[in-house]
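Reading through the structure tokens given below for one structure.
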2 protein chains.
Amino acid sequence: MENNSDNNSDKQTVSFSALDTLVGYKIRRAQLNYFNHFQATFAEDGVSPGQFGVLSIVAENPGLTQTAVAQALGNDRSAMVAVVDRFEKDGLIERRPVENDRRSYALYLTDAGTDYYASLYAKAREHEARFDAIMTPEEKGWLLDILQRLADVS
Amino acid sequence: MENNSDNNSDKQTVSFSALDTLVGYKIRRAQLNYFNHFQATFAEDGVSPGQFGVLSIVAENPGLTQTAVAQALGNDRSAMVAVVDRFEKDGLIERRPVENDRRSYALYLTDAGTDYYASLYAKAREHEARFDAIMTPEEKGWLLDILQRLADVS
DNA sequence: TATTGTTATACTCTATAACTATA
DNA sequence: TATAGTTATAGAGTATAACAATA
């Protein structure tokens with residue numbers, strides 16, 4: 001084993017003065033931890049955070065086109081194809097023709113998809129409880145508000 | 001143009017009830033916005049947030065090995081090689097042999113690297129000001145604390 | 001046996017460009 | 001001309017596995 005006092009390699013004593021005052025670094029670490037937990041929770045379902053987001057938007061906004069869902073989530077529409085293909089194949093999402101515009105598909109959850117999303121959402125809420133536990137409801141409301149403001153900085 | 005009232009494709013009216021109560025979704029959006037701004041600010045320098053993190057850790061903790069820096073940042077040590085190669089080639093970071101352990105290299109900023117990091121850090125602080133502007137100092141202190149707690153959830 | 005730096009590799013996420021069919 | 005869905009592709013980021021040198 002090396003002598004930690006010489007080369008400063010003891011992890012506990014590493015200085016983060018600069019990074020610890022930048023929102024960007026801490027927010028990345030927090031987000032990575034959250035997503036890793038989320039992935040672990042939904043590993044058996046094979047649903048990623050992004051896929052859960054698509055299901056959630058379609059569940060709450062039936063009839064949106066693929067492009068509209070992509071825009072709502074801030075993604076490129078090309079990224080929707082594989083996600084919708086997968087959920088359509090699983091019988092959870094339906095692509096329905098849009099009258100008056102044969103270029104578009106309107107997205108709807110099937111009955112199975114509605115049930116499936118309900119179970120995923122319940123699981124997501126259980127998962128969220130682990131993170132809710134480290135703050136008060138007031139703090140969480142305030143955190144969500146600040147995160148929204150950070151997302152809106154232009 | 002399609003009829004928005006029929007297929008619910010007006011972005012302003014999309015419902016996010018579920019996602020808006022999950023920390024994970026909002027934190028991802030906030031982090032993406034922050035990182036996009038960061039990338040734009042440092043585009044001329046060609047420095048990513050992760051690369052800035054490496055420089056910052058080495059600047060504050062001269063003599064750490066590559067593996068120690070990777071552990072401090074929560075990355076795999078294999079990811080360090082390309083980053084250190086690049087900064088070494090640019091004459092900003094030095095790999096020095098570690099006495100008593102010929103497997104390791106201790107990392108140090110060169111004089112040029114020290115100056116360069118100082119300028120990058122000043123730029124990062126200017127960049128941060130855009131995000132500091134949307135909250136009070138008290139709020140920021142509290143935000144950093146909450147983010148740390150989120151990162152520590154196990 | 002274990003660890004460091006390294007290489008090769010693969011996987012996810014994401015964005016861009018171009019194509020087609022439609023508008 | 002412009003847009004929706006699609007496809008191919010490429011880049012960044014990250015992780016794993018294996019190797020040689022060294023501990």
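Just the heavy atoms: all of them, side chains too, but no hydrogens, waters or symmetry mates, feed the values below. For clarity, every value in this text was computed on a predicted model and none was experimentally measured. Here is the naming used below: chain letters follow the sequence lines, and residue numbers restart at 1 for every chain.
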- Note on the structure: By nearest-nucleotide position on DNA chain C, the 5'-leaning member of B/V84 and A/G50 is B/V84

- Ionic contact status for A/D85 with A/K89, cut-off 4.0 Å: no

Close N/O contacts between protein and nucleotides 10-12 of chain D (under 3.5 Å):
none

- B/F38 CZ to D/dG13 C1': how many Å, rounded? 15 Å

- Query: When you check the phosphate oxygens OP1 and OP2 of D/dG5, does a side-chain N or O of A/T67 lie under 4.0 Å from one of them?
  - Reply: yes

- Message: According to ring pair (Phe, Tyr, Trp, His ring centres under 6.0 Å), who are the partners of B/Y105, at least two apart in sequence or on a separate chain?
- Response: none

With a 3.5 Å cut-off and sequence neighbours excluded, list the donor-acceptor pairs that the side chains of residues 73-83 of chain B form with protein atoms.
residue : atom : partner : partner atom : Å
B/D76   : OD2  : B/S78   : N            : 2.9
B/D76   : OD2  : B/S78   : OG           : 2.7

- Quick check: does any side chain N or O of B/N36 sit under 3.5 Å from a backbone N or O of B/L32, one acting as donor and the other as acceptor? yes

- Task: Please state whether the phosphate of D/dG13, meaning OP1 or OP2, lies under 4.0 angstrom from any side-chain nitrogen or oxygen of B/Q51.
- Result: no

- Interatomic distance, A/D101 CG vs C/dA21 C1' [rounded to whole Å]: 11 Å

- Message: Looking at C/dA23, I'd like to know if its phosphate oxygens (OP1 or OP2) sit under 4.0 Å from a side-chain N or O belonging to A/R102.
- Response: yes

- Item | side-chain hydrogen bond (donor to acceptor under 3.5 Å, both in side chains) involving B/D132 - partner list, sequence neighbours excluded | B/K140

- Qualifying residues under side-chain hydrogen bond (donor to acceptor under 3.5 Å, both in side chains), relative to B/T110, sequence neighbours excluded: none

- Query: Which pairs count as ring-ring contact (aromatic ring centres under 6.0 Å, His included) when at least one residue sits in residues 57-101 of chain B, sequence neighbours excluded?
  - Reply: none

- In whole angstrom, give the distance that lies between atom CD of A/E99 and atom C1' of C/dT22. 16 Å

- Query: What's the CD-C1' distance between B/E88 and C/dT6, to the nearest Å?
  - Reply: 13 Å

- Query: Which letters describe nucleotides 15-21 of chain D, given B = protein heavy atom under 4.0 Å from base, S = only from sugar-phosphate, - = neither?
  - Reply: SB-B--B

- Whole-Å distance between C/dC13 C1' and A/M80 CE? 15 Å

- Separation of B/R86 atom CZ from D/dG13 atom P, in whole Å? 11 Å

- Which residues pass the side-chain hydrogen bond (donor to acceptor under 3.5 Å, both in side chains) test with A/Q31, sequence neighbours left out? none

- Would you please name every residue forming a side-chain hydrogen bond (donor to acceptor under 3.5 Å, both in side chains) with A/D115, sequence neighbours left out? none

- Query: Roughly how many Å is it from CG in A/L73 to C1' in C/dT14, rounded to a whole number?
  - Reply: 14 Å

- Grab the CZ-C1' distance between A/R96 and D/dA4 for me, whole Å please. 19 Å

